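Reading through the structure tokens given below for one structure.
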Amino acid sequence: MADDATGSEMKIFVAGHRGLVGSAIVRKLREYGFTNLLLRTHSELDLTNQSDVESFFATEKPAYVILAAAKVGGIHANNTYPADFIAVNLQIQTNVIHSAYTHGVKKLLFLGSSCIYPKFAPQPIPESALLTGTLEPTNEWYAIAKIAGIKMCQAYRIQHQWDAISGMPTNLYGPNDNFHPENSHVLPALMRRFHEAKANDAEEVVVWGSGSPLREFWHVDDLADACVFLMERYSGFEHVNVGSGVEVTIKELAELVKEVVGFEGKLVWDCTKPDGTPRKLMDSSKLAALGWTPKVSIKDGLRQTYQWYLENVVQKKQ
């Protein structure tokens with residue numbers, strides 16, 4: 001994007017700019033000097049409405065698109081609203097990708113999720129594992145929509161020689177994460193529990209399982225940096241895994257969060273509860289070979305995220 005004659009003045013549409021991923025991409029683009037960003041809230045532009053999306057592209061004529069908008073949720077939401085998860089995501093993707101092509105967008109980046117891979121994919125998971133086995137049933141509706149997005153980008157590349165690429169991020173955390181007590185992922189859930197235990201002078205925090213499973217956690221600012229990198233350096237047919245390649249045990253993660261929050265009580269592991277998958281790591285060697293490397297260490301990322309949590313979640317409740 002930076003190689004264009006007009007440089008930072010080129011219009012870039014970031015779809016889903018208020019979410020965890022989209023907001024980080026907006027911060028990173030501004031940091032790199034891109035000033036002409038097209039941003040629309042859901043009330044301003046309903047991406048599931050084909051005619052509205054068509055009118056937006058016809059009027060605004062963005063040069064680049066980063067598609068970070070999606071309907072997302074945890075296991076309960078996926079199981080309860082499977083029709084919503086497949087229909088809404090398919091509508092968003094189809095409308096944005098097709099309108100971007102028909103209105104002359106130079107390049108589009110579609111962002112998916114690591115859940116596109118089979119439940120029993122090899123570890124670390126390579127890009128070639130796509131469509132080689134059965135999906136995890138609890139999020140297959142979302143996963144199938146995301147797989148369709150990858151294939152749509154590839155189809156438009158084959159038929160129209162259009163520069164549409166796909167990136168598949170790993171587990172993300174950072175500013176604008178979801179810290180809901182029931183519906184959040186493991187890292188923000190741990191951060192909230194340790195914070196509340198500290199605030200209430202609790203003697204211990206109990207965490208499910210043995211702490212032995214390995215997981216990959218990646219700061220969303222690193223993802224945003226990798227997205228800008230891919231927009232500038234990658235124009236291949238195959239999707240690209242976008243991750244750090246670094247994994248920690250849940251026990252190591254919990255100890256780090258405990259330290260960052262400043263909770264001085266005991267950390268107790270309830271080994272009667274399930275551990276889940278022993279290991280879930282994406283193979284990001286393709287991204288590394290392109291020349292991109294992570295910049296945010298997990299400790300620095302946790303400190304920054306906790307500061308954001310204090311300023312934007314805790315203070316707003318007071």
Side-chain angles (χ1 to χ4, degrees), residues 1-17 19 21-22 25-26 29 34 36-42 44-72 86-113 116 127 130-131 142-169 223-224 226-242 290:
M1 295 185 292
D3 295 329
D4 285 292
T6 47
S8 62
E9 296 175 11
M10 300 297 284
K11 283 186 178 181
I12 305 171
F13 175 42
V14 181
H17 75 280
V21 172
I25 289 170
V26 168
L29 287 169
F34 294 100
N36 201 352
L37 305 183
L38 296 173
L39 310 174
R40 297 290 187 276
T41 64
H42 176 72
E44 292 168 333
L45 175 61
D46 180 359
L47 296 177
T48 67
N49 186 306
Q50 186 179 19
S51 62
D52 287 357
V53 174
E54 181 74 13
S55 296
F56 167 79
F57 275 91
T59 303
E60 296 293 346
K61 299 245 183 253
Y64 298 98
V65 172
I66 299 177
L67 180 44
K71 180 176 179 61
V72 298
I86 194 164
V88 170
N89 284 301
L90 285 173
Q91 287 164 355
I92 290 170
Q93 295 160 199
T94 303
N95 291 342
V96 172
I97 293 170
H98 182 69
S99 289
Y101 164 69
T102 56
H103 290 284
V105 166
K106 292 184 178 184
K107 188 170 190 174
L108 176 142
L109 169 61
F110 169 73
L111 291 171
S113 162
I116 63 166
E127 286 90 352
L130 183 66
L131 296 176
Y142 178 75
I144 286 171
K146 288 297 181 181
I147 292 168
I150 295 171
K151 291 300 174 185
M152 191 169 178
C153 288
Q154 292 176 341
Y156 275 66
R157 181 176 289 277
I158 293 169
Q159 185 173 333
H160 301 297
Q161 297 77 52
W162 184 51
D163 198 1
I165 62 173
S166 300
M168 298 302 116
L223 166 67
C227 287
V228 177
F229 177 88
L230 288 172
M231 286 292 280
E232 294 182 337
R233 309 281 183 87
Y234 183 72
S235 291
F237 178 80
E238 189 178 43
H239 65 283
V240 180
N241 285 345
V242 194
L290 290 168

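No experiment lies behind these values; they were computed from the predicted model shown. Side chains are part of it too, since the values below use all heavy atoms of this structure and drop only hydrogens, waters and symmetry mates.
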All heavy atoms of Ile116 vs all of Ile147, minimum pair found to be O-CD1, 3.6 Å
Neighbour count above 12 (heavy atom, 6.0 Å) for Gln159 CD:
no
To the nearest 0.5 Å, atom CZ of Phe110 lies from atom CD of Gln154 at 11.0 Å
Test your reading of the model: is there a side-chain donor-acceptor pair from Asp52 to the backbone of Leu45, 3.5 Å cut-off?
no
Does Gln91 reach the side chain of Leu47, with side-chain heavy atoms less than 4.5 Å apart?
no
Any side-chain to backbone donor/acceptor pair from Lys107 onto Met231? Under 3.5 Å, distance only.
yes
Compare every heavy atom of Cys153 with every heavy atom of Leu108, then report the nearest pair and how far apart it is.
CD2-SG, 4.0 Å
Stepwise side-chain contact (heavy atoms from CB on, under 4.5 Å) test for Asn36 and Met10
CA-CA 6 Å; Asn36 201 352; Met10 300 297 284; over 6 Å; no
Check whether more than 12 heavy atoms from other residues, nucleotides or ligands sit under 6.0 Å from atom CD of Glu60, and answer yes or no.
yes
On a heavy-atom basis, which atom in His239 and which in Met168 lie closest, and how many Å separate them?
CD2-CG, 3.6 Å
Distance col, row Leu67:CG vs Gln93:CD, nearest 0.5 angstrom, shows 6.5 Å
Under 3.5 Å, is there a donor on one side chain and an acceptor on the other for His103 and Glu54?
yes
Check whether any side-chain heavy atom of Asn89 sits under 4.5 Å from a side-chain heavy atom of Tyr142, and report yes or no.
yes
Distance col, row Asn49:CG vs His42:NE2, nearest 0.5 angstrom, shows 9.5 Å
Mark yes or no for whether Asn95, through its side chain, and Thr48, through its backbone, hold a donor-acceptor pair below 3.5 Å.
yes
Over all atoms of both residues, closest heavy-atom pair of Phe34 and Ile12
CD2-CD1, 3.8 Å
At what distance, to the nearest 0.5 angstrom, does CD of Glu232 lie from OH of Tyr64?
9.0 Å
Would you say Trp162's side chain and Val105's backbone share a donor-acceptor pair under 3.5 angstrom?
yes
Ser166 and Lys146 side chains, donor-acceptor separation under 3.5 Å:
no
Worked check of side-chain contact (heavy atoms from CB on, under 4.5 Å) between His17 and Leu39:
CA-CA 6 Å; His17 75 280; Leu39 310 174; 3.7 Å; yes
Mind listing the closest non-hydrogen atom pair of Leu90 and Ala148 along with its distance?
CD2-CB, 3.7 Å
Minimum heavy-atom distance Ile165-Ser235, with the two atoms named:
CG2-CA, 3.9 Å
How long is the gap from OG1 on Thr41 to CG on Asp46, to the nearest 0.5 Å?
10.5 Å
Should Val242 and Leu111 count as side-chain neighbours, where that means a heavy-atom distance under 4.5 Å?
no
